[in-house]
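Working notes for the structure below.
For reference, positions follow the sequence shown, starting with 1. Every value quoted in this text rests on a predicted model; they were computed, and no experiment measured them.
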Amino acid sequence: MLSPSQTRAARAWLNWSKQDLAKKSNVSAKSIARYEKGRSLPYEATLSKLRTAFESAGIRFEFERGQPKGIRVL
């Protein structure tokens, strides 16, 4: 599962605003903001949409023993 810090890092790397990510993932900017601040845990389907949007832009997420580790840019 993506972590809030991975989501923020990926957006920063791509220079995407929350609104940019919202458009590309079909997830509301408000939901993205709540998740990135650690105020909510989205459904798996929502996290999948975010991950797909990032991966389409060349971001890969790294995990170690199932825990979020960072991002990698292709």
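Between A22 and A29, the shortest heavy-atom distance links the atoms CB-N, 3.6 Å. Between K49 and N26 the shortest heavy-atom distance is NZ-O, 3.9 Å.
Residues V73 and L14 share a single hydrophobic cluster, defined by chaining ILVMFWY side chains whose heavy atoms lie under 4.5 Å apart.
Side chain of S48 to main chain of E44: no donor-acceptor pair is present (N/O by atom type, distance under 3.5 Å, no hydrogens or angles). Remark: the backbone N or O of G70 is not paired with any side-chain donor or acceptor of E64 at under 3.5 angstrom.
In this structure, CZ on R51 lies 9.0 Å from CZ on R60, to the nearest 0.5 angstrom. Between the CD1 atom of I32 and the CH2 atom of W16 there is a distance of 10.0 Å, given to the nearest 0.5 Å. Atom OG1 of T46 sits about 11.0 Å away from atom CG of L2, to the nearest 0.5 Å. In this structure, CZ on R39 lies 10.0 Å from CZ on R34, to the nearest 0.5 angstrom. We find the CZ-OG distance between F54 and S25 to be 7.5 Å, quoted to the nearest 0.5 Å. Atoms OG and CD, on S28 and Q19 in that order, are 10.5 Å from each other to the nearest 0.5 Å.
By the 6.0 Å contact criterion, CH2 on W13 is open, its count of non-hydrogen atoms from other residues, nucleotides or ligands being 12 or less.
The pair R8-E36 fails the salt-bridge criterion, with no side-chain N (NZ, NE, NH1 or NH2) lying under 4.0 Å from an Asp/Glu carboxylate O.
In this structure, V27 and L21 have side chains that are not in contact, with every pair of non-hydrogen atoms separated by 4.5 Å or more. Side-chain contact between F63 and M1 is absent, with no heavy-atom pair separated by less than 4.5 Å.
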